[in-house]
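Everything numeric here is computed off the predicted structure, so don't read it as measured data. For ligands, and for the atoms within them, numbers begin at 1 and follow the listed sequence.
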Amino acid sequence: MSYYEIMGGRPLSGTLAIHGAKNSVLPILAACLLVPGQCIIHNCPDLSDVSATLDILRLLGCRAEREEDTVTIDASALSRSDIPQHLMREMRSSVIFLGALLARLGTAELSYPGGCELGPRPIDLHMAALRSLGAEILEEQGTLCCRRCRGGLQGREICLSIPSVGATENAMLTACGCSGVTTIVGAAREPEITDLQGFLQAIGAQVTGAGTSVVTIQGGGPFHPAEYRVMGDRIAAATYLCGTAAAKGEVEVTGVAPDTLTAVLSCLKEAGCAVHTAPDRISLICAGPLGGISPVRTAPYPGFPTDAQAILMAALAGGEGATLFVENIFDARYRHVDELRRMGADIQLAGRAAMVSGVGRLHGASLRSTDLRGGAALVVAALGAEGTTQVWELCHIRRGYQSLDKNLRALGADIRQIP
Ligand code: UD1
């Protein structure tokens, strides 16, 4: 099993181009199923979640090829609508194929994605949305069998009681295969939804409103081949910026829109970093210890992203001053806390709240990644820590970061993957 070995305390400096957004590219690749032709997706990151998505597309009968960061998908010969359990298990977000398959073929069969490392992740909102658009869904022994009802898929108004990112995307994809207009009220407003809308518009779909809480889709197609560039990964950008805040130094990230990271950047500024932005870049300078900041409460976009909670916590744990975190989106999202404590962090947990008291400097330890962002948080903490840290179970980190070690080395960090 390989691990990262990180010798902390080396300041970071330089410029880094951020890869494409994992959470955009997954629904966009699924949306390629709508097109009986070839789509070319640029800025497609090389991540294990993306490889798993390409495997699913191939299994369904599509051609899927990668050349550097460009992926070509040809779904002309789409021949299957069932995804076997082993591929579903690899990636919970493959539930997004439900909407895409329903829209193109009128039928989909998936194994139930079940729980995951962040605790139970229900899909009741996905199912309710699809049902109200005319899908019949049977749940049998862990398998979801979906098909359009006899009258076909029909657009209508859907109200989401929680602005779920995945349910909004699944409803948008299904709505593309409906006749008539679908209005999603209470839609998630994450930038990745705007990116999915951009791709859907590129293939000829009439979708508007993404980025607001009402998304409208005029369904029915036809959909045509298109070329599309995925937005930069705001959470990867946040990771490198928090890593710089932990290690000190001066780093610029490019290829990411600063206004998608407003909540994270304002926390970093409050903690004492100098942050400068231009339309597609963010630079951060951190010279002294990080201070405590106002409570960080995770919330749907444009609130503080749950995906950046562990990463910011890791930086502040090695700073000075106290910060209260409140995790409002997922139940089991403090699994990195025990690992940070092994580095000397002072973090008190009480339900959804975590009180972080900066200890000045963390120390190296042998640590286990618990989930994707929790694993990245350990790397962030290690960059600023005294001594050597080993981070194990890199499989989690590879789900969402392309060349994390190589990129950090290019910025001056002492990090190696062994073996
Ligand atoms: C997406 C992101 C993930 C991010 C999360 C929140 C992808 C691939 N993943 O996950 O990185 O952390 O948004 O920004 O884009 N919920 C229900 N019923 C449902 C669906 C969701 O109760 O049917 C609840 C969840 O338990 C959670 C909340 O809604 O408490 C938000 O989840 P959701 O926005 O759906 O997250 P994902 O789309 O799974």
Colleague: Answer yes or no: does an N/O atom from Leu125 fall short of 3.5 Å to an N/O atom of ligand 1?
Modeller: yes
Colleague: Under 4.0 Å between a side-chain nitrogen and a carboxylate oxygen: does that hold for Arg341 and Glu339?
Modeller: no
Colleague: Tell me whether Thr306 has any N or O atom under 3.5 angstrom from an N or O of ligand 1.
Modeller: no
Colleague: Kindly determine whether Thr143 and Glu109 satisfy side chain to side chain donor-acceptor pair (under 3.5 Å), including the steps that lead there.
Modeller: CA-CA 7 Å; Thr143 301; Glu109 198 176 303; 5.5 Å; no
Colleague: Considering only heavy atoms, does Ser164 approach ligand 1 within less than 4.0 Å through its side chain, its backbone, both, or neither?
Modeller: both
Colleague: Go through ligand 1 atom by atom and flag the ones less than 4.0 Å from a non-hydrogen atom of Gly166.
Modeller: 35 (O), 38 (O)
Colleague: Between the side chains of Glu5 and Arg416, is the shortest nitrogen-to-carboxylate-oxygen separation below 4.0 Å, so that they form an ion pair?
Modeller: yes
Colleague: So is there a nitrogen or oxygen of Lys22 less than 3.5 Å from a nitrogen or oxygen in ligand 1?
Modeller: no
Colleague: Evaluating non-hydrogen atoms only, which member of Ile96, Val95, Ile162 is closest to atom 29 (O) of ligand 1?
Modeller: Ile162
Colleague: Could a heavy atom of Pro122 be found less than 4.0 Å from some atom of ligand 1?
Modeller: yes
Colleague: Please step through side chain to side chain donor-acceptor pair (under 3.5 Å) for the pair Thr15 and Glu252, ending with a clear verdict.
Modeller: CA-CA 5 Å; Thr15 297; Glu252 179 184 56; 3.2 Å; yes
Colleague: Taking all non-hydrogen atoms of both residues into account, name the closest pair between Ile18 and Ala236 and its distance.
Modeller: CG2-CB, 4.2 Å
Colleague: Non-hydrogen atoms of His126 versus ligand 1: any pair closer than 4.0 Å?
Modeller: yes
Colleague: Geometry only, no angles: is Val165 polar-contacting ligand 1 at N/O separations under 3.5 Å?
Modeller: yes
Colleague: Report the C-alpha distance between Thr72 and Gln38 in whole Å, list the side-chain angles of each, state the deciding distance to 0.1 Å, and finish with yes or no for side chain to side chain donor-acceptor pair (under 3.5 Å).
Modeller: CA-CA 7 Å; Thr72 304; Gln38 181 174 286; 5.3 Å; no
Colleague: Kindly confirm or rule out an N or O of Glu169 lying under 3.5 angstrom from an N or O of ligand 1.
Modeller: no
Colleague: Judging by distance only, is a nitrogen or oxygen of Asp124 under 3.5 angstrom from one on ligand 1?
Modeller: yes
Colleague: Suppose I only count heavy atoms of Arg333 and a 4.0 Å limit; which atoms of ligand 1 are within that range?
Modeller: 12 (O)
Colleague: Is there a heavy atom in Arg399 that sits closer than 4.0 Å to ligand 1?
Modeller: no
Colleague: Using the side chain to side chain donor-acceptor pair (under 3.5 Å) rule, take His42 and Glu68 through it: C-alpha gap first, then chi angles, then the decisive distance, then the call.
Modeller: CA-CA 9 Å; His42 299 291; Glu68 298 186 348; over 6 Å; no
Colleague: Check Phe330 against ligand 1 and report side chain, backbone, both or neither, counting heavy atoms closer than 4.0 Å.
Modeller: side chain
Colleague: Can you tell me which residue among Asp307, Asn328, Thr370, Asp371 is in a side chain to side chain donor-acceptor pair (under 3.5 Å) with Arg333?
Modeller: Asp307
Colleague: Between atom CZ of Arg234 and atom CG of Leu241, what is the distance when rounded to the nearest 0.5 Å?
Modeller: 13.5 Å
Colleague: Considering only heavy atoms of Ile329, which atoms of ligand 1 have at least one such atom less than 4.0 Å away?
Modeller: 27 (C), 30 (O), 31 (C)
Colleague: If you round to the nearest 0.5 Å, how far is CG of Asp49 from CZ of Arg398?
Modeller: 13.0 Å
